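Have a look at the structure below, then the notes.
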Amino acid sequence: MCGIVGVSGGNLEAISAANDLMAHRGPDDFGVYTNITAGIGLGHRRLSILDISPLGHQPMCSTDGAVVLVFNGEIYNFRELRKELESKGFIFRGHSDTEVLLNLYLAEGEAMLSSLNGIFAFALWDSRKEALLIARDALGVKPIYYSAINGHFFFASEIKALLKLMPNGRELDVAALHRYISFLWCPGEGTPLKTVRKLLPGEAMWVRAGQITRRWIWYQLPIFRGIKPDLNETDSIEGTISHLRQAVHRQMMADVPVGAFLSGGLDSSSVVAMARELNPNIHCFTIESLGGQEEGATDDLPYARRVAKHLGVSLDVVSIDAKLMAGDLERMVTQLDEPLADLAPLNVFYISQLARKQGMKVLLSGTGGDDLFTGYRRHRAVQSERYWSWLPQSVRKGLAKLTSGLDHNRALTRRLAKLFSGAGLEGNERLVEYFRWVREADLLALYTPEARRELGSTLAATPMLDFINPLSDRFSKLDRVLTLEQEFFLPDHNLIYTDKMSMAHGVEVRVPFLDLDLVDFAARIPLGLKQRGAEGKWVLKKAMETFLPREVIYRPKTGFGAPLRRWMRFDLRELLGDLLSTASLKRRGLFEPSAVQRLIATNDAGKIDASYILLSLLCIEIWCRRYIDG
């Protein structure tokens, strides 16, 4: 796992400096390639995991020097691909998947993308075509940002490196910020800057002389490829075991030690159970939150210890408290490069820090289990619609209004309000509403008149609706929600923060649930075997009954239980007073100071729950101070 950066048709002098800004992603080695005549510059920071010898050095050139590659990620089926290439006469100098990727391109060109099972973002300069190929993995596990301005093209694994190449392109994208606040993350290609975009999951592009000449989606989710549920219960359970085992074992390949996250939840516990088959001494890591949990959250640590004891694996625990996390909020936003309003990234940060101190460069994660097999509260909510969606729209709107007035200081009533917040909407608009944290009208009231004018008629939900509308009613509501999870929530939230916070310490995180063979297999499992009534992940739970204790498999579902609502009144109060002061808000010009102060006061009084809205505003101001002001 590494960091990549590059230029086409721009200033090459800043490549080395931009590359150095990502030293945390690749502390083991670095390299730069420049072609002044072609206006091409490529930089690479290396975290040595496969073939840690100098033969894995990047940028990597073909034997004739015509093609140059910088690559971040892992190709899990590289050994099979290597055998095929060797049978065609290709000769390899080393044993890295980078060399396989380079030779596969020489053999197949851009068509090679459909052969890759892995996590990656890469850039490949083909001097024969005088063109640059940029590509991102199928599900967006690895990030890549780019900017195309006035005949200059720049790309990088992190925005901070990208901005080193283009210091003047810093105009805020109000539409993207609107999405960050609405969902706590930004669905689609947007970033806080108008000039910076994200390459989408499964997307690739050709660039010539600083201009994007072609872009296309090379991978489509199973639902768009016509893969339909066709398995019975027995085959679903047995296939889940075999495919998860294959994915975990495949992703344990490394020439360095491999450890694992172990939260005590079903997903990470399932991954560790399979990993233990290959390495009985696998080292696991978890987190302990001191100072109390959020109401409605369950303490994970006892379950993590129960799993570790059951499987006979070691478990290291990192202890954190509110003061530490509150103090690291600004550091978190800076490292994320995006104003994601969630404290869960700090979990990954602290665990990765401990793992690296213990000598681990690779960790396995359970990310993706909920997005394939169900498990989130919104999945239960969608299934429960059959009990009330038949009501007239006027009654459903009344239900939304009634529940919105419930006590937001209690977990149960707060969740009821969220459950029915979109009850008055129809079709896909109601499905997207399950992802939303702030209603459109409430959010618009916070903006200054100038920000509202710039926003215009832009709706936060547009990227998600545009993507899901072609599915229409031909697919169930739950199918469509899972599609939104896989296309947006995973890459734009969970995977983004997992990558950034682990790579802050030079740790690669692998996600076996997102192995492409497992993704396709999960699409063949009937929904009734995934979400069975109120029981999410039913098929995965049945599959793991012979591997894990029942009290772990059937434990309550919980998220990260940081007591944010308390922090907004105490631990983060000083930061809140500074960043969201009237003077600060006036300088920024995005939010109306009087409206924000009313929001804070109403939240303090317990009349509403605005904790995550306020956190989002905090993160945006932190981000602006770091990336716009300084």
Side-chain angles (χ1 to χ4, degrees), residues 1-6 15-16 19-20 22-34 42-107 112 115-125 137 142 157 249-259 278-279 281-283 352 355-364 499 502-503 505-510:
M1 203 61 65
C2 310
I4 63 174
V5 63
I15 282 286
S16 292
N19 203 34
D20 289 344
M22 298 187 298
H24 51 276
R25 297 186 70 92
D28 298 329
D29 190 18
F30 65 93
V32 171
Y33 166 88
T34 57
L42 302 175
H44 185 265
R45 294 292 318 200
R46 186 183 183 197
L47 179 64
S48 303
I49 290 173
L50 285 171
D51 190 355
I52 61 178
S53 77
L55 292 175
H57 175 80
Q58 297 185 49
M60 184 176 286
C61 300
S62 59
T63 53
D64 62 0
V67 178
V68 185
L69 172 68
V70 286
F71 162 53
N72 167 31
E74 306 289 347
I75 307 300
Y76 297 125
N77 61 335
F78 83 99
R79 291 192 177 99
E80 299 94 316
L81 294 172
R82 178 175 174 137
K83 287 181 181 178
E84 293 176 12
L85 289 167
E86 287 174 332
S87 71
K88 296 176 181 178
F90 282 86
I91 298 173
F92 290 82
R93 295 170 293 177
H95 302 281
S96 69
D97 54 347
T98 306
E99 192 175 3
V100 171
L101 182 60
L102 179 60
N103 283 321
L104 189 64
Y105 172 77
L106 294 174
M112 69 167 178
S115 300
L116 302 177
N117 187 349
I119 56 177
F120 58 81
F122 70 77
L124 187 148
W125 166 246
D137 67 72
K142 305 313 298 175
S157 297
H249 292 185
R250 177 185 281 162
Q251 296 193 21
M252 291 179 73
M253 63 172 192
D255 296 328
V256 296
V258 176
L278 216 57
N279 178 13
N281 299 315
I282 189 166
H283 205 140
S352 299
R356 189 58 197 252
K357 287 179 180 178
Q358 299 284 358
M360 296 290 162
K361 284 187 177 181
V362 180
L363 291 176
L364 301 176
D499 171 85
S502 61
M503 291 304 291
H505 300 292
V507 172
E508 169 184 301
V509 174
R510 298 177 178 178

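Since the structure is predicted, the reported quantities are computational estimates derived from the model, not experimental observations. Counting from 1, the numbers follow the sequence of the chain as shown.
- For the pair S502 (side chain) and V507 (backbone), a donor-acceptor distance under 3.5 Å is present.
- Inter-residue side-chain proximity for S96 and M60 is flagged as met; some heavy-atom pair is nearer than 4.5 Å.
- Annotation: side chain of L81 is in contact with side chain of L116 (closest heavy-atom distance under 4.5 Å).
- Q58 and F71 make their closest contact through OE1-N, 2.6 Å (heavy atoms, listed as atom of the first residue, atom of the second, distance).
- In this structure the side chain of L106 reaches within 4.5 angstrom of the side chain of F90, judged on heavy atoms.
- Closest non-hydrogen pair, P59 versus V70, comes out as CG-CG1, 3.7 Å.
- Closest approach of P257 and G359 over heavy atoms only: CG-O, 3.9 Å.
- Side-chain contact check for Y33 versus I15: every heavy-atom pair is 4.5 Å or farther apart.
- R93 and E99 get closest at one heavy-atom pair: N-OE2, 2.7 Å.
- Rounded to the nearest 0.5 Å, atoms CG (N77) and CD (E84) are 8.5 Å apart.
- Taking OG1 of T98 as the reference point, atom CZ of R46 lies at 7.0 Å (rounded to 0.5 Å).
- By the 4.5 Å heavy-atom criterion applied to side chains, L47 and P27 are counted as neighbours.
- Between the CG atom of N19 and the CZ atom of F30 there is a distance of 8.0 Å, given to the nearest 0.5 Å.
- Between the side chain of E74 and the backbone N or O of Q251 there is no donor-acceptor pair closer than 3.5 Å.
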(message) Run the side-chain contact (heavy atoms from CB on, under 4.5 Å) test on L55 and H95 for me, step by step, so that the C-alpha distance in whole Å, both residues' side-chain angles and the decisive distance to 0.1 Å come before the verdict.
(response) CA-CA 8 Å; L55 292 175; H95 302 281; 5.9 Å; no
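- A distance-only check finds a donor-acceptor pair linking the side chain of D28 to the backbone of S48 [under 3.5 Å].
- Side-chain contact between F92 and L85 is present, with heavy atoms from C-beta onward closer than 4.5 Å.
- What you find for M253 and F78 is that their closest heavy atoms are SD-CE2, 3.4 Å.
- The shortest distance between side-chain heavy atoms of E508 and N72 does not fall below 4.5 Å.
- Here the closest non-hydrogen pair linking A23 and R45 is CA-NE, 3.6 Å.
- With R25 contributing its side chain and C2 its backbone, the two residues share a donor-acceptor pair below 3.5 Å.
- Looking at D255 and K361, no side-chain N of the basic residue comes within less than 4.0 Å of a carboxylate O on the acidic one, giving no salt bridge.
- Inter-residue side-chain proximity for V258 and N279 is flagged as unmet; no heavy-atom pair is nearer than 4.5 Å.
- Judged by distance alone, the side chain of D97 and the main-chain N or O of I75 form a donor-acceptor pair under 3.5 Å.
- Side chain of R510 to backbone of V362: no donor-acceptor contact under 3.5 angstrom is found.
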(request) Verify side-chain contact (heavy atoms from CB on, under 4.5 Å) between V32 and T34, making sure each step is shown before the conclusion. (result) CA-CA 7 Å; V32 171; T34 57; 4.0 Å; yes
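- A salt bridge links R82 with E86: the distance from a Lys NZ or Arg NE/NH1/NH2 to an Asp or Glu carboxylate oxygen falls below 4.0 Å.
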(message) Let's go through L42 and I4 carefully: what are the C-alpha distance in whole Å and the side-chain angles of both, what is the deciding distance for side-chain contact (heavy atoms from CB on, under 4.5 Å) to 0.1 Å, and is it a yes or a no?
(response) CA-CA 7 Å; L42 302 175; I4 63 174; over 6 Å; no
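- For the atom pair CD1 (I91) and OG1 (T63), the distance works out to 9.0 Å, reported to the nearest 0.5 Å.
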